[in-house]
Amino acid sequence: MISDVLTEWLKERFAAILPGMAAEVRERVQSAPATNMEFGDYQCNDAMTFAKQVKRPPRALAEEVAAGDARPDFIAELSVAGPGFLNIRLADSWLCAQLEALAADSRLGIPDRGNGRTVLLDYSSPNVAKPMHIGHIRSTIIGNALDRIHRALGYRVLADNHLGDWGTQFGILILGYRNFVDPAALRENPIAELERVYVKSYDCSRQDPAWLDRCREELVKLQAGDPDNRALWEQFVAYSMAEFDRVYRRLGVQFDLVRGESYYRDDLAGVVAELEAKGLARESEGATVVFLEEEKLPVCIVRKRDGAFNYATTDLATLASRVREFNPDQIIYVTDERQQLHFRQFFAVARRLGCTARVTHVWFGLMRLPEGTFSTRQGNVIKLERLLDEAETRALEVVKRGGSEAPPEVQQEIARVVGIGAVKYADLSQNPQTTVTFSWDKALALEGNSAPYLLYAYARIASVRDKYAERFPAGDLSRWPIRLTEPLERELAVRVLQFPEAVVRAADLCRPSAIADYLYDLAQTYSRFYQNVPFLKAEEGVRESRVRLCGLVADVLRRGLELLGIETLERI
RNA sequence: GCGCCUGUAGCUCAAUUGGAUAGAGCGUCAGCCUCCGAAGCUGAAGGUUGUGAGUUCGAUCCUCGCCAGGCGCACCA
């Protein structure tokens, strides 16, 4: 990566002029893309940071760094500006060589950061017997993007869908099912019917304590292995999986493991026993809890007063099982913001149990409606499948409005890719940690910073290649080197080479939006280039170089979108 | 009450975690298709970064106090 090459060189330079603090220099010196094109391509601000410590003027330090006579071949210009900024302009010849290397590299320069190390990703994790609604989309899409990004960086990724298939809701559901289910409706739409039954039974439990007691009994029977309740439970899980699989297929999401909470049900007692044996958990107010005073956190309950286990227990059992079986270096959980406290508690307990795997909670803001939060009981949920349908419908309207000549099934396919891509991109292109207020127009945006803008840029490049082949049938792109003659194409070249940095950043921050931001910037730069720099009309040599550069942009766009789980089309 | 998060152009969001003149899209206004795909491009207007202090060469970013909103806080997950 460009920044690595520059950083390494800068570290040596700083270490040479600050021999007393070489170790710290090697730790901290960084280079970053220039904030303003006029300054150069990259910059380094560390003369200012070190000046304080050595009590010397920052500008003098910077000048000393810049003064060395052995200027490496990748730097064309190195200058000092303002209080001590080091501005670097890269050499065109070196940029061209880097582009040639990128063109020959199937990884497009993405480094092998993982080196085979294992990352386990826990995401999506919907509850059985409830429909997937738009609140589930963020975990699924962000988690899947993190999955793809880590795989690209050479990690061994295990994506695990930790279904909510063993909670207290099953007592309510089983009793409701026995009393209210409509077999015809169940055949027609199982999940909708189960949802109706659940809501009705839930209402009963709120009004009638006796009903609630009977729900608890059903739950106890299920957990004790009662054959009838077990059969019902299996049926519910099967219905839900069918629906989930349908949605996942549409979203292009695949898991390596689908292990719901039920998978760990026999481990729960052992977790509590271990905590007690190690003196970490003790009885309090009838429950078994772990006190977390050092961390200044509330107590973590691992067994309720009624003897039942809860979420924290399940998570601890799950973690232990994962460590035993896969020994992951890192486990990433993707959930909404409401679970922050829970994860802080859970991680604290895990550490006390000696867990050394790096555990990360990636949380995202809740999805809301303009009128407030939505809930199953208020009946104002928007189902995920309906969102996807609507996305495809709107995209199809745009395709038709554009006067597409393509046959209907091709238009349908374009609408599918554009619509689903728009939904995903709307979520992935912004910082996950903000609350989002759902609106159809935003989720399905088809212009501006959106998937269709990127897909359009991509399709235009595919067209460029076709046009080139058509007009210059004897042309052979591979015979011509890449050259940089126009400022805009040079700018585009630098952007293309920054792709690996965007991927690394997205992984480091667990923020796929870093890639989305980068791709949008790349597509914008490309569009300006496309509009303002002639290439098929350029002279031979320049023409081939520019068509090849276009091809590299296309490769990066395709790969980048793929990392976000968004498909591309050659025609749109 | 305590904790976490958010507040940036009329609206939706960026700003590479302390860097230079805070950038995009939508919307508004003015231009660009006999031309490599106009789902595009060029330009204009639009800002006391919620607010008040502090830290330093330098603050949207760090510290403290306020204001507004969201989400949590012992037996749901």
Side-chain angles (χ1 to χ4, degrees), chain A residues 3 30 32-36 38-39 43 45 48-49 51-52 57-59 81-85 87 125 127 164 166-169 261 284-289 296-306 308-312 314-315 335-342 344 363 365-366 368 373 395 398-399 401-402 418 426 429-431 433-437 439 441-442 445-450 452-453 455-457 459-464 466-468 471 498 501-502 505 508-509 513-514 516-518 520-521 524 527-528 530-538 543 546-547 550 571-572:
Chain A
S3 59
Q30 285 179 358
T35 52
N36 188 327
E38 290 167 25
F39 302 141
Q43 63 177 267
N45 310 324
M48 272 104 70
T49 60
K52 255 176 270 180
R59 208 177 152 101
F85 295 101
N87 288 327
S125 309
N127 286 326
W166 202 243
T168 47
Q169 77 266 31
E261 292 163 353
S284 170
E285 296 177 30
T288 306
V289 307
K296 291 181 184 160
L297 292 171
V299 296
C300 180
I301 296 174
V302 292
R303 183 168 53 204
K304 300 191 282 184
R305 195 163 26 196
D306 65 6
F309 305 108
N310 63 2
Y311 191 36
T314 306
D315 269 339
T335 82
D336 73 55
E337 61 182 319
R338 289 174 302 187
Q339 300 192 32
Q340 286 176 86
L341 177 58
H342 161 71
R344 297 229 311 268
W363 57 266
L366 278 180
R368 305 160 48 78
T373 50
V398 174
V399 171
R401 212 182 311 138
V418 170
S429 63
Q430 67 177 283
N431 182 344
Q433 298 187 338
T434 50
T435 308
V436 312
T437 301
S439 84
D441 286 340
K442 210 197 310 173
L446 298 173
E447 49 193 349
N449 185 2
S450 67
Y453 179 86
L455 294 175
Y456 179 67
R460 285 206 297 192
I461 299 174
S463 177
V464 165
D466 292 350
K467 280 277 174 2
Y468 176 82
R471 294 197 192 170
Q498 285 167 343
E501 291 171 31
R505 193 172 137 72
D508 285 348
L509 302 177
S513 60
D517 287 346
Y518 164 79
Y520 181 57
D521 188 46
Q524 272 186 313
S527 292
R528 283 193 290 134
Y530 177 85
Q531 206 86 24
N532 297 303
V533 179
F535 36 93
L536 290 185
K537 282 178 272 185
R543 176 173 65 222
R546 288 182 182 162
V547 171
C550 287
R571 295 271 180 281
I572 180 172

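So that the names make sense, note that chain A is the first sequence line, chain B the second, and so on, each numbered from 1.
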With heavy atoms under 4.0 Å as the rule, sort [X] into base, sugar-phosphate or nothing.
X	answer
A:Val436	nothing
A:Asn431	sugar-phosphate
A:Pro58	nothing
A:Arg401	nothing
A:Leu297	nothing
A:Ile572	base
A:Lys296	nothing

Check your understanding: Under the salt bridge (charged side-chain N to carboxylate O under 4.0 Å, His left out) test, which residues partner A:Arg460, sequence neighbours left out?
Key -> none
Check your understanding: Does the pair A:Gln430 and A:Ser513 meet the rule for a side-chain contact (heavy atoms from CB on, under 4.5 Å), with working shown?
Key -> CA-CA 6 Å; A:Gln430 67 177 283; A:Ser513 60; 5.8 Å; no
Residues in side-chain hydrogen bond (donor to acceptor under 3.5 Å, both in side chains) with [X], at least two apart?
X	value
A:Thr168	none
A:Arg471	none
A:Asn127	none
A:Asn532	none

I'd like the [atom1] distance from [M] over to [N], given in whole Å.
N	M	atom1	answer
B:U17	B:A22	C1'	15 Å
B:G52	B:C5	P	23 Å
B:A15	B:C61	C1'	10 Å
B:U51	B:A59	C1'	16 Å
B:A44	B:A39	C1'	24 Å
B:G7	B:U49	P	14 Å
B:G27	B:G37	C1'	26 Å
B:G18	B:C13	C1'	23 Å

Just the rounded figure in Å: distance from [atom2] of [N] to [atom1] of [X].
X	N	atom1	atom2	result
A:Gln430	B:U16	CD	P	17 Å
A:Glu337	B:G69	CD	P	16 Å
A:Tyr453	B:A39	OH	C1'	10 Å
A:Tyr518	B:C13	OH	C1'	21 Å
A:Asn532	B:C35	CG	C1'	14 Å
A:Gln433	B:C4	CD	P	14 Å
A:Trp363	B:G70	CH2	P	16 Å
A:Ile461	B:A39	CD1	C1'	15 Å

All side-chain contact (heavy atoms from CB on, under 4.5 Å) counterparts of [X], not counting sequence neighbours:
X	result
A:Asn87	A:Phe39, A:Gln43, A:Ser79, A:Ala81, A:Phe85
A:Thr435	A:Glu337, A:Arg368
A:Gln433	A:Trp363, A:Asn431
A:Val299	A:Val289, A:Phe291

Among [options], the one nearest [X] by side-chain distance:
X	options	answer
A:Tyr456	B:A14, B:A39, B:U17	B:A39
A:Arg460	B:A38, B:G3, B:G70	B:A38
A:Met48	B:G19, B:C36, B:G40	B:G19

Review point. Among side-chain atoms of A:Gln531 and A:Ser527, is any donor-acceptor pair under 3.5 angstrom?
Key: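 Looking only at side-chain atoms, A:Ser527 and A:Gln531 do not form any donor-acceptor pair under 3.5 Å.
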Point to revise | Side-chain N,O (A:Lys52) to OP1/OP2 (B:U56) below 4.0 Å | key: no
Exercise for review: Return the stacking result for B:C41 and A:Tyr530: yes when the ring centres lie under 5.5 Å apart and the planes under 30°, no otherwise.
Suggested key: no
Review point. Would B:C71 be called syn or anti, given that syn covers angles within 90° of 0?
Key: anti
Review point. Is the glycosidic torsion of B:U51 within 90° of 0, making it syn, or is it anti?
Key: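 Anti, since the glycosidic angle lies more than 90° from 0.
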**Study point:** Comparing A:Ser527 and A:Ala459 on RNA chain B - which has the more 5′ nearest nucleotide
**Key:**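 Final value for this comparison: A:Ala459.
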Check your understanding: So, A:Asp466 and A:Arg571, do they make that salt bridge, N to O below 4.0 Å?
Key -> yes
Review point. Based on Watson-Crick and G-U pairs with both distances under 3.5 Å, what dot-bracket line describes RNA chain B 5' to 3', crossing pairs as [ ] and inter-strand pairs as |?
Key: (((((((..((((.....[...)))).(((((.......))))).....(((((..]....))))))))))))....
Review point. Is A:Thr288 reaching over with its side chain to a backbone N or O of A:Ser284, donor-acceptor style, under 3.5 angstrom?
Key: no
Review point. Can you find a donor-acceptor pair, distance only, under 3.5 Å between A:Ser463 side chain and B:G37 base?
Key: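 Per atom types, the contact qualifies.
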Check your understanding: Any idea how A:His342 and A:Tyr311 line up, ring-wise: parallel (<30°), tilted (30 to 60°), or perpendicular (>60°)?
Key ->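 Because their plane-to-plane angle is under 30°, the rings of A:His342 and A:Tyr311 count as parallel.
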Review point. Taking protein heavy atoms under 4.0 Å as touching, what does nucleotides 20-33 of chain B look like 5' to 3' if B marks base contact, S marks sugar-phosphate-only contact and - marks none?
Key: BB--SS--------
Revision key, fill the gap. Under a 4.0 Å heavy-atom criterion, the protein footprint on nucleotides 72-77 of chain B, written with B, S and -, is SSBBSB
Review point. Where do A:Tyr453 and A:Gly448 come nearest, in terms of heavy atoms and distance?
Key: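 Smallest interatomic distance, heavy atoms only, reads CB-O, 3.1 Å.
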